[in-house]
There are 2 protein chains.
Amino acid sequence: MGRTRADMIIETRAKLISAGRRTFAAKGYAATSLEELTAEAGLTRGALYHHFDGKRGLLEAVIDQIDAEMTERLLEIFDQSESRWEGFTNELVAYVEMATEPEIQRVVLLDGPAVLGDPSHWPRQLTCLQMTMGNLQQLMEEGSIRTVNAEAMSHLISGAALLGSLWIANTSDPERASRELVESLMVLLSSLLPLPQGSRPAWP
Amino acid sequence: MGRTRADMIIETRAKLISAGRRTFAAKGYAATSLEELTAEAGLTRGALYHHFDGKRGLLEAVIDQIDAEMTERLLEIFDQSESRWEGFTNELVAYVEMATEPEIQRVVLLDGPAVLGDPSHWPRQLTCLQMTMGNLQQLMEEGSIRTVNAEAMSHLISGAALLGSLWIANTSDPERASRELVESLMVLLSSLLPLPQGSRPAWP
DNA sequence: TAGTTGACATACATGATGTATGTCAAGAGG
DNA sequence: CCTCTTGACATACATCATGTATGTCAACTA
């Protein structure tokens, strides 16, 4: 009933990931020293190199954990929505607001792609993005939205949300920016709704 | 008529920026050694630290130069278009395709934001982004598109284009992905066109 | 109880950045 | 034409970060 060995391992990994989240978010990946990161966790670099594949490996683990939390939060929001379309849009709005949090923005959205490359090719690619694409496909099958290429469209939409969040977080009045961005986002998303026959004007 | 001193300086800076473009694009910012970068330019790190504010400073200069070239190419495309709306969309399509080039993608779109932060707050913020916003405002004044917040919308659109390009460049069939992405992008942009009265259905 | 595994710490080698100092040619002035 | 000063660039040095190799001691196994 005392601390078994496996428990210690789990605890150590958790401490390292936790310190990683704090330090990466506060100082950025490049400016983070593993020495002080591990010291903050009450460990040494030896532990880190034993459990993870170096600095990169820790970043991957940190991003995985943050992504899991994001997914959970988004799923909850989706479940509380009335329709699938409403859930889809609510999720995106929530995503934009979440992406304003420094931990997510700095670690997942800025350093992540720079260090690990294209998010859609990560080992465990961002579950949030997959949710967006899945929703699009379901909505198309339901006939709730127009037929488009779900993959391409989901990348466009998540990209819009990403840069939008970056803008919000760095503006002097984030509240106002957030409202304006969500409003504009809904305009863009409205193009997914099915067209009444012939109602769309030809481009000027 | 011989090499004057000012000419040498310009030449040296150009050599450093040129080497920076190559090396940053090929190996990424973090993995680039200033020693080999300057050696490739036939110089030493002393020259670099004399002319630029360290590694960051060189990156800024490199991005400035690339951005200037992008702007030039985009302006040309805009000028060859019939209407402002067509110029706007042509520009975006061209942007997506340009952002597929490794130099632009790696240096400007991945490492740039990670090292220098939010692009819209860069010392000389990306001219391309400003062009998008300017176009939106003009189109709104003309009455060619609906009234939206130009700033928010331009961030959304450029973000969509950015992540879309990232996807294209890392897919196994870039040609096909490019077509699909442009098609989806045009769907999203169609939401900017003015609505015939009451033709837009309420959301389900 | 003794032996083995492995979690983690310590020690070391390598290389990168940034800075301080040195050198030598280009331009200014008498 | 000669000297002095400026500054473009190179060299030398200090610091520090990563990664790896080695060591140690507690936990499981037989």
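Keep in mind that this is a model prediction, so the values were computed, not measured. A note on names: the letters A, B, ... follow the listed sequences, proteins ahead of strands, and every chain is numbered from 1.
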Would you mind reading off the distance between B/Glu35 atom CD and D/dT11 atom C1', rounded to a whole angstrom?
11 Å
Using whole Å, report how far CG of A/Leu34 lies from C1' of D/dG19.
10 Å
Keeping B/Asn170 on the side-chain end and A/Asp118 on the backbone end, is there a donor-acceptor pair under 3.5 Å?
no
Within 6.0 angstrom of B/Glu183 CD, more than 12 heavy atoms from elsewhere
no
Expressed in angstrom and rounded to an integer, what is the separation of A/Leu37 atom CG from D/dG19 atom C1'?
16 Å
Contact class for B/Thr38 vs. all strands (heavy atom < 4.0 Å): base, sugar-phosphate, or nothing?
nothing
Interatomic distance where CG belongs to A/Leu48 and C1' belongs to D/dA17 [whole Å]
13 Å
How close or far is atom P of C/dT17 from atom CZ of B/Arg56, stated in whole angstroms?
13 Å
By the definition side-chain contact (heavy atoms from CB on, under 4.5 Å), identify the one residue from B/Leu162, B/Leu166, B/Ile168, B/Asp111 that meets it with B/Gln105.
B/Leu166
Calculate the interatomic distance between B/Lys55 atom NZ and C/dT17 atom P; express it in whole Å.
5 Å
Using 0.5 Å steps for rounding, measure from the CG atom of B/Leu58 to the CZ atom of B/Arg13.
9.5 Å
Pairing donors with acceptors under 3.5 angstrom, does anything connect the side chains of A/Ser184 and B/Asn149?
no
Could you tell me the separation between the NZ atom of B/Lys27 and the P atom of C/dA16, rounded to a whole number of Å?
8 Å
Sub-4.0 Å heavy-atom contacts from residues 14-25 of chain B onto DNA chain C, ordered by number
none
Euclidean distance, atom OH of residue B/Tyr49 to atom P of C/dA16 [Å, nearest integer]
12 Å
Under the salt bridge (Lys or Arg N to Asp or Glu O under 4.0 Å) rule, collect the residues that match up with A/Glu35, sequence neighbours excluded.
A/Arg45
A/Thr171 versus A/Arg176: any side-chain heavy-atom pair under 4.5 Å?
no
Between B/Ser81 and B/Asn90, does any side-chain donor sit less than 3.5 Å from a side-chain acceptor?
yes
Show each protein N/O and nucleotides 5-9 of chain D N/O combination with a separation under 3.5 Å, one pair to a line.
from	atom 1	to	atom 2	distance (Å)
D/dA8	OP2	B/His50	NE2	2.7
D/dC9	OP1	B/Thr12	OG1	2.5
D/dC9	OP2	B/His51	NE2	2.1

For the salt bridge (Lys or Arg N to Asp or Glu O under 4.0 Å) test, which of A/Glu69, A/Glu101, A/Glu40 pairs with A/Arg21?
A/Glu69
